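All remarks here apply to the structure that follows.
Computed from a predicted structure; not experimentally measured.
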Amino acid sequence: MQKVLVAYATWAGATHEIAIKIAEVLNNHNMQADVTSADQVKSVQEYQAVLIGTSIHASQTANTFKKFLKRFHKNLVKVPVGIFVVCANMMEDTKKNQIETMEWLQRSTQKYPEIKPISIGLFGGALITEGDDFNKLNFLFRKIILSMRESFIKEHGKTDFRDWQKIIAWTEDLIQRL
């Protein structure tokens with residue numbers, strides 16, 4: 001059974017929830033997927049593949065994503081790697097938004113050109129206002145997210161832009177590449 005690490009760098013929890021869904025799909029395809037916060041990963045050596053997810057806020061990937069790449073980049077050239085990005089910019093999956101989101105991702109990954117992802121998934125995010133990840137944020141960040149929530153409801157009528165079918169389809173395609 002192929003063992004896959006699904007590491008994530010989240011802000012309020014949307015990326016974490018997507019990582020859980022990805023692991024669920026992997027497990028349903030006879031793989032053993034471990035879901036772990038990127039800052040909690042001690043080693044990647046026991047895995048035959050690594051998927052790493054990051055949220056992007058204000059055009060910046062999460063710091064824990066950057067630290068994960070820095071810490072494990074030498075190991076990541078030895079196994080297939082997939083990257084998934086969760087970003088409000090992808091609430092509309094247009095070519096322009098894809099290009100812009102990829103540019104933001106590449107700012108973090110360009111330092112490690114030896115890492116060649118077999119697939120990159122770009123997904124819309126969600127404004128999560130409850131749960132462990134949200135509650136770990138400091139008071140100011142929680143207030144910002146709550147303020148954004150009201151604005152998103154007013155402007156878009158919702159706060160969750162994740163396309164679960166797209167996430168599942170990306171994961172199933174990734175499984176074929178593995």
Side-chain angles (χ1 to χ4, degrees), residues 1-41 44 47-57 59-62 64-65 68-69 76 79-106 108-109 115-134 145 148-149 152-153 156-178:
M1 180 179 290
Q2 191 170 20
K3 194 168 181 183
V4 180
L5 173 63
V6 183
Y8 64 89
T10 196
W11 196 29
T15 308
H16 183 182
E17 291 177 1
I18 289 174
I20 290 169
K21 176 54 83 176
I22 289 169
E24 179 184 302
V25 174
L26 293 168
N27 289 330
N28 288 339
H29 284 82
N30 297 316
M31 295 181 163
Q32 180 186 339
D34 295 336
V35 178
T36 307
S37 175
D39 61 348
Q40 297 298 311
V41 175
V44 298
Y47 297 100
Q48 286 79 50
V50 175
L51 307 181
I52 175 72
T54 183
S55 58
I56 291 183
H57 297 281
S59 77
Q60 298 295 315
T61 59
T64 52
F65 173 76
F68 181 91
L69 293 178
L76 295 177
V79 296
V81 172
I83 297 176
F84 60 99
V85 174
V86 182
C87 181
N89 195 48
M90 291 303 299
M91 75 173 80
E92 292 182 20
D93 191 359
T94 65
K95 196 64 161 168
K96 177 184 177 285
N97 290 351
Q98 291 170 5
I99 290 167
E100 189 171 54
T101 303
M102 284 297 295
E103 287 172 355
W104 297 335
L105 174 64
Q106 287 169 351
S108 295
T109 60
I115 300 173
K116 308 247 187 268
I118 61 171
S119 185
I120 297 174
L122 304 177
F123 309 123
L127 290 169
I128 307 289
T129 56
E130 57 188 19
D132 290 342
D133 293 313
F134 177 77
I145 291 171
M148 290 170 61
R149 183 182 185 341
F152 270 68
I153 289 173
H156 304 285
K158 63 182 182 176
T159 59
D160 192 338
F161 298 90
R162 294 172 292 183
D163 181 341
W164 295 104
Q165 292 307 312
K166 179 181 177 186
I167 293 162
I168 292 167
W170 177 79
T171 307
E172 288 175 343
D173 178 69
L174 184 87
I175 289 167
Q176 298 305 311
R177 295 170 188 245
L178 293 174

Show the nearest heavy-atom pair for residues [X] and [Y], with the distance to one decimal.
{"X": "Trp104", "Y": "Cys87", "result": "CZ3-SG, 3.7 Å"}
{"X": "Ala33", "Y": "Asn27", "result": "N-OD1, 2.8 Å"}
{"X": "Gly53", "Y": "Phe65", "result": "O-CD1, 4.3 Å"}
{"X": "Thr15", "Y": "Thr10", "result": "N-OG1, 3.5 Å"}
{"X": "Ala7", "Y": "Ala38", "result": "CB-CA, 4.3 Å"}

Supply the atom-to-atom distance [X] [atom1] to [Y] [atom2], rounded to the nearest 0.5 angstrom.
{"X": "Arg149", "Y": "Ile153", "atom1": "CZ", "atom2": "CD1", "answer": "4.0 Å"}
{"X": "Glu100", "Y": "Asn89", "atom1": "CD", "atom2": "CG", "answer": "4.5 Å"}
{"X": "Asn97", "Y": "Glu92", "atom1": "CG", "atom2": "CD", "answer": "6.5 Å"}
{"X": "Leu5", "Y": "Leu76", "atom1": "CG", "atom2": "CG", "answer": "9.0 Å"}
{"X": "Ile56", "Y": "Gln60", "atom1": "CD1", "atom2": "CD", "answer": "8.5 Å"}
{"X": "Asp93", "Y": "Asp163", "atom1": "CG", "atom2": "CG", "answer": "8.0 Å"}

Please examine the side chains of [Y] and [X], heavy atoms only from C-beta on, and report whether any two atoms are closer than 4.5 Å.
{"X": "Ile175", "Y": "Met31", "result": "yes"}
{"X": "Ile115", "Y": "Thr109", "result": "no"}
{"X": "Glu172", "Y": "His29", "result": "yes"}
{"X": "Gln165", "Y": "Ile168", "result": "yes"}
{"X": "Thr171", "Y": "Phe84", "result": "no"}
{"X": "Leu51", "Y": "Leu26", "result": "yes"}
{"X": "Tyr47", "Y": "Asp34", "result": "yes"}
{"X": "Val25", "Y": "Ile167", "result": "no"}

**OP:** Applying side-chain contact (heavy atoms from CB on, under 4.5 Å), name anything that partners Ile118, two or more places apart in sequence or on another chain.
**Re:** Pro80, Leu174, Arg177, Leu178
**OP:** List for me each residue that meets side-chain contact (heavy atoms from CB on, under 4.5 Å) alongside Lys116, sequence neighbours excluded, and say none if there are none.
**Re:** none
**OP:** For the residue pair Tyr8 and His16, categorise the inter-ring angle as parallel (less than 30°), tilted (30 to 60°) or perpendicular (more than 60°).
**Re:** parallel
**OP:** Decide whether Thr54 and Thr61 meet the rule of one side-chain donor and one side-chain acceptor closer than 3.5 Å.
**Re:** no
Original post:
Under 3.5 Å, is there a donor-acceptor pair linking the side chains of Asp39 and Ser37?
Top reply: yes
Subject >> Heavy-atom donor-acceptor pair, Lys166 side chain to Leu122 backbone, under 3.5 Å >> reply: yes
Original post:
Residues two or more places apart in sequence or in another chain: which of them pass side chain to side chain donor-acceptor pair (under 3.5 Å) with Glu24?
Top reply: Lys21
